[in-house]
J.: 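I am attaching a structure below and will ask some questions about it afterwards.
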Amino acid sequence: MASSYDAQTIRAALDHAEIPALLPALAYLTGDLRLLPDELRPDPSQFMDPNGGISGDKLETARQLAFDALQRFLASGSQKASPPDPASLQKMLEFLVGGEAMEEYLPLFMEELAVDEEDMRAPGWKIEEYPSYQNFRVGIIGAGMSGLAAAHRLDQAGIDYLIFDKNPEVGGTWLENAYPGCRVDVPNFLYSYSFAQRDDWPEFYSTQPVLLEYFQSCARALGLAGRLRLGTEVLSASYEEDSARWCLDIRSSDGAEERIYVNAIISAVGQLNRPKYPDIAGIETFAGPSFHSARWDKDVDLMGKRVGVIGTGASAIQIVSSIADHVGELAVFQRTPTWLAPTPEYHQRVPEEVRWLFRNIPTYAHWHRFWLFWKNAEALLPLVSVDPSWDGKGRSVSAMNELLRELLEAYLDMQFSSAPELFSKVVPVYPPAAKRIVRDDGSWAQALMRENVTLVTEPISEVTEKGVRMADGTERILDVLIYATGFQASEFLTPMRITGVGGVELHDKWGGDARAYLGITVPGFPNLFCIYGPNSNIVINGSIIYFSECAVGYVLGCLRMIFERKGRALDCKVEVHDQYNVLVDKANELMAWGASSVNSWYKNRKGRVSQNWPYSLLEYWKQTKAPSQHDYELL
């Protein structure tokens, strides 16, 4: 069997490496900045290319540089260089991102990637430092991705907590969404906790079972079993001003109700947890099996059946691509077409050569993660920002957005080149990123071009006992009807009743237009903290796990502020909250999703973008790095 370090193995592995991450990783490892020549810098505009536009002779030069550097490293006995000084590290980062100034990203980089194997997001303090708060308890609502992250950080600080979840197992959205084809649309080397990295993901974009096992294994490894109250729904939460505590009314799966008191609440229920059914007459009349994608009925056999799927968003595209080859007939009902992001590796397994790189080149995994962070996040924001002087006739919002449109339309043209009648139906008329862009490796076109599949664009009039009637009067007969129509994303914290200071109910206060400071705190609701709250969704830029970890760190900072200032609770100041939301609204208006009038779950029923964060990931990191005492009233 060949050695892990023989020349043939190394060269084979380097053929699979992403050069923008590989060369700075080796420079970090060896201290040799000559590995970062200007002519091999990636081109930021080549965001769809894993090598950042490095190709041909330059690609071969880069691989040879890497090979020679690895050989020297191995000959030295794998002796790592001393950690680089800030100036050298900045040069490495600037190489990775194509030469842009990166000084302000250095602290984020050191924290997010933990290049020295230190968890720099750990609280760094213990509640033992504050003896009078030993009985302080936090209630976490939700045992999904955000809830587990919150529990881990509270554990590190030694703060007592309980986690409540209505489901029988942890996992949140990855437990509830178990439909065929369900998988993440962010690379898993980025869609994972900074404190629980793995180098053995089976696929670049993991399937639902793999992700569920990841989160459940994290819960086991973190020892959360004794803190979990599974099968337990929080019905209501009321703030008691005299004691500065929250009273939680909970109900277990057996119907038993109980009252529990906590000093603070972390809502980790997310945005995508309550299925949304379309406003179509007659839904209740359909005689056959019907269900929402998030409530998939595994007992229904689709083999050979006449199946209808309403929706053409992310879940619909995954479902249709997975079931098209074994149903009898498949009708896909489209209201609005979806932009597709070409992702050839979307269903691919991670090659052994890539695993070799992670195992055998120290820090390559960290640099690879930051490369994904950059090209899937910060580098894309200019492509979806509005140029007020641009007249894109509703099809684009800037010259760069138009360029993105041309690239995505060319991809659709290529995919549907043999089906021009379908091509005219699948090209969106709205700007890219006005709605969610969906990953695709060609599966969508392959499914729609099958003889047993029909893409229906005629508006639906009603659901009937036998199927779906269209606006033109025709009826499509179906055996099974599937609603892939998304979630009640803007209905934050529903259906819980949350009562704050003065008996004000949170949903009455919001009036269908949820807002929070940094997506985390709401005036009049002391010590209530939201993770993945209003305006903290990311559209094209990065992993929501990153946002949740930032928010959790902020919450821990708020708790520490209470302890240090010898208070009982923090209440966000109204003026701070309101000024922040004015800025967020203005910024969202200058993004494709705010400027476009296309229907989208990014907007609430009042037409405001209540979901999305309009700035960079760096900006959220800065704003949540530490709370300011000037933003809060101490109670």
Side-chain angles (χ1 to χ4, degrees), residues 140-142 144-147 150 172-173 234-239 246 264-276 435-436 486-539 544 547-548 550-552 554-555 558 570-589 591 593-594 599-615 620 623-624 631-632:
I140 303 173
I141 306 174
M145 175 271 295
S146 297
T173 190
V234 175
L235 304 175
S236 66
S238 303
Y239 182 71
W246 283 93
I265 297 174
I266 296 177
S267 170
V269 298
Q271 297 183 14
L272 308 179
N273 59 5
R274 298 284 172 179
K276 180 181 180 181
K435 290 171 67 76
R436 182 178 178 182
F487 300 86
Q488 302 174 49
S490 61
E491 303 300 318
F492 293 90
L493 278 70
T494 55
M496 291 182 292
R497 180 176 176 82
I498 314 291
T499 307
V501 174
V504 175
E505 207 282 319
L506 180 61
H507 299 294
D508 291 340
K509 176 184 176 72
W510 278 342
D513 190 11
R515 297 175 183 269
Y517 177 52
L518 298 173
I520 301 173
T521 56
V522 182
F525 295 82
N527 282 10
L528 170 65
F529 304 101
C530 300
I531 310 297
Y532 197 15
N535 289 112
S536 64
N537 179 63
I538 43 181
V539 180
I544 193 58
F547 256 51
S548 290
C550 287
V552 167
Y554 184 87
V555 173
C558 287
L570 290 180
D571 194 6
C572 182
K573 293 180 179 178
V574 173
E575 61 272 20
V576 170
H577 170 276
D578 291 352
Q579 290 169 8
Y580 164 83
N581 275 280
V582 167
L583 294 176
V584 166
D585 286 349
K586 287 182 177 178
N588 267 321
E589 290 172 1
M591 306 305 289
W593 50 83
N599 59 288
S600 165
W601 67 267
Y602 298 155
K603 299 177 181 179
N604 61 26
R605 61 176 182 259
K606 295 191 175 184
R608 187 182 77 85
V609 177
S610 58
Q611 312 305 117
N612 296 349
W613 173 254
Y615 306 110
Y620 195 72
Q623 293 199 31
T624 57
D631 294 343
Y632 292 92

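Counting begins at 1 with the first residue of the sequence.
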J.: Are Tyr632 and Cys558 close enough that some pair of their side-chain heavy atoms sits under 4.5 Å apart?
T.: yes
J.: What is the distance from atom CD1 of Ile141 to atom OG of Ser146, rounded to the nearest 0.5 Å?
T.: 13.0 Å
J.: If you look only at pairs with a residue in residues 512-535, which of them pass as a salt bridge (charged side-chain N to carboxylate O under 4.0 Å, His left out), with sequence neighbours excluded?
T.: Asp513-Arg515, Asp513-Arg608, Arg515-Asp585
J.: Should Trp601 and Lys276 count as side-chain neighbours, where that means a heavy-atom distance under 4.5 Å?
T.: no
J.: For Trp510 versus Pro534, what's the shortest heavy-atom pair and its separation?
T.: CZ2-CG, 4.5 Å
J.: Would you please test Tyr580 and Asp631 for side-chain contact (heavy atoms from CB on, under 4.5 Å) and show each step?
T.: CA-CA 11 Å; Tyr580 164 83; Asp631 294 343; over 6 Å; no
J.: In Å, rounded to the nearest 0.5 Å, how long is the span from CD1 of Ile531 to OG of Ser267?
T.: 8.5 Å
J.: Kindly say whether Ser490 contributes a backbone atom to a donor-acceptor pair with the side chain of Gln271 at under 3.5 angstrom?
T.: no
J.: Does Arg436 reach the side chain of Tyr602, with side-chain heavy atoms less than 4.5 Å apart?
T.: yes
J.: Quick test of your reading: applying side chain to side chain donor-acceptor pair (under 3.5 Å), list the pairs with at least one residue in residues 491-506, sequence neighbours left out, ordered by first then second residue.
T.: Glu491-Arg605
J.: Measuring from Ile520:CD1 to Asn535:CG, what's the distance to the nearest 0.5 Å?
T.: 12.0 Å
J.: Under 3.5 Å, side chain of Asn612 to main-chain N/O of Val539, donor-acceptor pair present?
T.: no
J.: Please indicate whether Lys573 has more than 12 foreign heavy atoms, meaning atoms of other residues, nucleotides or ligands, lying under 6.0 Å from its NZ.
T.: yes
J.: How many angstroms lie between CG in Leu518 and NE2 in His577, if you round to the nearest 0.5 Å?
T.: 10.0 Å
J.: Hey, mind stepping through Val234 and Val269 against side-chain contact (heavy atoms from CB on, under 4.5 Å) and telling me if it holds?
T.: CA-CA 11 Å; Val234 175; Val269 298; over 6 Å; no
J.: Do side-chain atoms of Asp571 reach the backbone of Pro523 as a donor and acceptor pair under 3.5 angstrom?
T.: no
J.: Considering all heavy atoms of both residues, which atom of Tyr615 and which atom of Leu583 are nearest to each other, and what is their separation?
T.: OH-O, 3.1 Å
J.: Using the six-membered ring wherever Trp is involved, compare the ring planes of Phe547 and Tyr620 and label them parallel, tilted or perpendicular (cut-offs 30° and 60°).
T.: parallel
J.: Describe, in one word, how the ring planes of Phe525 and Trp246 are oriented to each other, choosing from parallel (under 30°), tilted (30 to 60°) and perpendicular (over 60°).
T.: parallel
J.: Closest heavy-atom contact between Asn527 and Leu570?
T.: OD1-N, 2.9 Å
J.: Can you name the nearest heavy-atom pair linking Ala264 to Phe529, along with the distance?
T.: CB-CE1, 4.2 Å
J.: Report the residue from Leu493, Ile265, Ile266 that forms a side-chain contact (heavy atoms from CB on, under 4.5 Å) with Cys530.
T.: Leu493
J.: Return yes if some donor-acceptor pair links the side-chain N/O of Lys435 with the main-chain N/O of Asn599 below 3.5 Å, else return no.
T.: yes
J.: Considering non-hydrogen atoms only, spot the tightest contact between Phe492 and Ser610 and give its length.
T.: CZ-O, 3.9 Å
J.: Would you give the length of the straight line joining atom CH2 of Trp593 to atom NZ of Lys603, rounded to the nearest 0.5 angstrom?
T.: 12.0 Å
J.: Counting distance only, does the side-chain N/O of His507 pair as donor-acceptor with the main-chain N or O of Pro495 below 3.5 Å?
T.: no
J.: On a heavy-atom basis, which atom in Cys572 and which in Tyr517 lie closest, and how many Å separate them?
T.: SG-CB, 3.7 Å
J.: Judged by atom type as modelled, is there a donor-acceptor pair below 3.5 Å linking the side chain of Gln488 to the main-chain atoms of Pro275?
T.: yes
